[in-house]
Amino acid sequence: MRRALHAEWTKLVSVPGQWWTLLAVTGVMAGAGALVAVTQRPPTCPPGGPGCSAPDTTALILSGAYLAQLAVLAVAVTVVSSEYHPRVILLTLAAQPGRGLVLAAKAVVGTAAVLATALLGVAGALVAGRQVLLARGFTGQGGRGPAALSDPAVLRAALGTVLYLGLVAVLSLGAAWILRYQAAAAGAVAALLYGPFLAARLIPMPDRVMHAVQDASPMSAGLSVQSLVPGAGTAPIGPWSGLAVLAGYAVAALGTGWLLLVRRDS
Amino acid sequence: MTEWTIAVSDLSKTYGNTVAVDSLSFTVRPGTVTGFVGPNGAGKSTTLRMMLGLDTPDGGSALIGGRSYRELTDPLRSVGALLDAEAVHPGRRARAHLLWQARYNGLPAGRVDEVLDLVGLASAAGKRAGGFSLGMRQRLGIAGALLGDPRVLILDEPVNGLDPDGIRWIRGLLRSLAAEGRTVLVSSHLMSELQDTADHVIVIGRGRLLADTAVDALLAAASGDRIVLHTSRRTEAMTVLAAAGATVSVLGADALTVSGLPAERVAAELNGGAVPFSALAPHRASLEEAYLDLTRDATEFRAHGHDAEEIRP
């Protein structure tokens, strides 16, 4: 396995653009966190008063994930689709006939690279976003300040966001093993993420249906881990259950990809 | 010690309705260059992919050194293959392309530079493969095949895209690898490419074995008892010889092949008919002729321009 990891790492870093896209994961997370914070103004209504809700500033400064996941998707799909068209996979499976080992090595290397850059990005977003919020007048009086970085809820949201991006990577790897074409795989994952998420927002439907769509949608359910205000997140589902929904999609995709890799002729 | 033969027995593969390989059996031995020849779509590439465990046979087996490819540990150390010179990520540099392959089998990075040097790509090691000519990509593919210093080499159409210098180089390389006792299997759709390289040929057509023979024996059989004759008066010569009971066919603008008559009778008949001629000699068939004789019936797609090797699921 060590050799397979070494080989797949060599592959990942020798495709031009992968470093830049990984860098974009960090940059977009941190940059978006600071930018979103700039647009916020502290509410002027009396805290706790009727119709006065404080914004969930933690979820806001982590909202770079909505965009950064596209860079994650691009990196992870490329890790697999670069084996096809042209068919480098012939050489890979000649060097290592164990299909499961090749798939596992790519999953570990691709996901680890995404987790590392996502961790840097999330840390950057929290630090930069908090500084901007403080400067914008979110002073902490009346429970309106940005939650402290040591707050367990903030840590959960931060760690959850890193895991969310890691799971998007696994989902993308699986889709790419199934579809093999880069554009097809990237399109399918983007549709799966944004499709139900946008449908629940844009299409009028009863709350009951909307909540069911959100709880089953990988992006809405997964991102509920960012919410510090119960019931105000992207889905009614709990934070860890939400991530588990996304993990279900990711594992199903990678498992299907593995079955196809074993069964199909190369 | 392992005897590094390639043993194909009763191998079969069907894609949809197309039978690509049909109960194919043959053995490739160490120490010689074995040509693997057949028209486009004959099933050569499919057979090679099954040897390397890339495609799963519907029946039969292909064993290398007594084991199936998928059972080999660090396979590149035993078997080196070039299947498709285009199988290189265009953005990857030549060195990195070989380096990841080396790492999969625990080969030292220094070996990458050795094989790059061996195939004459040392100066292009840091260049992206996307900018390589087909000839350079062939060399890169051959470098990959040599990476693990393997006992068995399986090369699919390695001559494609090489310039005359490159062709001479690869012929020398293949002969020296075989002389070192390695097992060398080289496929081609052009028999002439193997004329000065292969000692033994396996000819297939429509997925079936047509011949498995030494090159010398194949040439002798194809030459038969024919005689080559050069004359400026071809039509008259044909008339005279046909009247004497010979079978005559046209070989070129001023050349004929004659069978059914010994050389002295041919000369006597031509002299008798006052037909001028020069050079009367036993016909030595080219490998190409021998091959065309063998594959005439098996060339499935010639008229339509299809290439069955492109028919893939």
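Predicted model, so just to flag it, every value in this text is computed and none were measured. Sequence lines set the chain letters: A, B, ... in the order given, protein chains first and strands last, and positions in each chain run from 1.
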Hey, does [Y] have a side-chain heavy atom less than 4.5 Å from the side chain of [X]?
| X | Y | value |
| --- | --- | --- |
| A:H6 | B:R103 | yes |
| A:R263 | B:T56 | no |
| A:R87 | B:L83 | no |
| A:D265 | B:K13 | yes |
| B:W100 | A:L12 | no |

When rounded to the nearest 0.5 Å, the distance separating CG of B:D55 from CZ of A:R264 is 12.5 Å
Output the residues of residues 112-148 of chain B for which the shortest heavy-atom distance to chain A is under 4.5 Å, in residue-number order; output 'none' if no such residue exists. B:R128
Heavy atoms under 4.5 Å from chain A: which residues of residues 87-96 of chain B carry them? B:A87, B:V88, B:H89, B:P90, B:G91, B:R92, B:A96
Which of the residues [options] is involved in the greatest number of heavy-atom pairs with chain B at under 4.5 angstrom?
| options | value |
| --- | --- |
| A:L91, A:L90, A:V15 | A:L91 |
| A:L101, A:I89, A:V102 | A:V102 |
| A:Q96, A:E8, A:K11 | A:K11 |

So for atom CH2, which belongs to A:W19, do other residues, nucleotides or ligands contribute more than 12 heavy atoms lying within a distance under 6.0 Å? no
Does atom CZ of B:R70 have more than 12 heavy-atom neighbours, drawn from other residues, nucleotides or ligands, at distances under 6.0 Å? yes
With a 4.5 angstrom heavy-atom cut-off, could you sort out which part of A:R99 is near chain B: side chain, backbone, both or neither? side chain
Cut-off 4.5 Å, heavy atoms of chain B, and the answer for A:V13 is neither
Which one wins on heavy-atom pair count under 4.5 Å against chain A: B:G106, B:A81, B:A102, B:G53? B:G106
Heavy-atom pair count under 4.5 Å with chain A, highest-scoring of B:L54, B:T73, B:L52, B:D84: B:L54
So which pairs with a foot in residues 68-123 of chain A pass ring-ring contact (aromatic ring centres under 6.0 Å, His included), sequence neighbours left out? A:H85-A:Y181
Inter- and intrachain pairs under ring-ring contact (aromatic ring centres under 6.0 Å, His included), touching residues 32-65 of chain B, at least two apart: B:F26-B:F36
Between B:N105 and chain A, which part of the residue has a heavy atom less than 4.5 Å away: side chain, backbone, both or neither? both
Check whether any side-chain N or O of B:Y104 sits under 3.5 Å from a backbone N or O of A:L93 as a donor-acceptor pair, and report yes or no. no
